[in-house]
Amino acid sequence: MQAAFKFLYMFTGQLRSVDAVAHFHLDPNAVDDQTVHRLKPVFDDAVRAN
């Protein structure tokens, strides 16, 4: 989990540095709620689909 967080933090930082816009999807059924919660700070917003 720590490695994924570091990668996403660095990757999204690179995207911001070039004013890029990106859209990511995470299957909440593939990971637990704690993992989803821990990844939220990396992104600007999070939307849960029904």
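This structure is a prediction, so every number in the text was calculated from the model and none was measured.
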Sequence neighbours left out, what passes side-chain contact (heavy atoms from CB on, under 4.5 Å) with [X]? Give chain and number order.
X	result
Phe7	Phe11
Ala20	Leu15, Val18
Val31	Leu26, Thr35, Val36

Quick one: which residue pairs count as a salt bridge (charged side-chain N to carboxylate O under 4.0 Å, His left out) with a foot in residues 2-18, not counting sequence neighbours?
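For residues 2-18, and leaving out neighbouring residues, the salt bridge (charged side-chain N to carboxylate O under 4.0 Å, His left out) pairs sorted by first residue read Arg16-Asp44.
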For residues 21-32, which residue pairs pass the salt bridge (charged side-chain N to carboxylate O under 4.0 Å, His left out) check, not counting sequence neighbours?
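Salt bridge (charged side-chain N to carboxylate O under 4.0 Å, His left out) check on residues 21-32 returns no pairs.
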Sequence neighbours excluded, which residues qualify as ring pair (Phe, Tyr, Trp, His ring centres under 6.0 Å) partners of His37?
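Not a single residue meets the ring pair (Phe, Tyr, Trp, His ring centres under 6.0 Å) criterion with His37.
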Using ring pair (Phe, Tyr, Trp, His ring centres under 6.0 Å) as the criterion, list what pairs up with Phe5, not counting sequence neighbours.
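Phe5 satisfies ring pair (Phe, Tyr, Trp, His ring centres under 6.0 Å) with no residue once adjacent residues are dropped.
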The criterion is salt bridge (Lys or Arg N to Asp or Glu O under 4.0 Å); which residues satisfy it with Arg38, sequence neighbours excluded?
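If we apply the salt bridge (Lys or Arg N to Asp or Glu O under 4.0 Å) test to Arg38, skipping adjacent residues, there are no hits.
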Heavy-atom pair with the smallest gap, counting every atom of Thr12 and Tyr9:
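For Thr12 versus Tyr9, the nearest heavy atoms are OG1-O, 3.2 Å.
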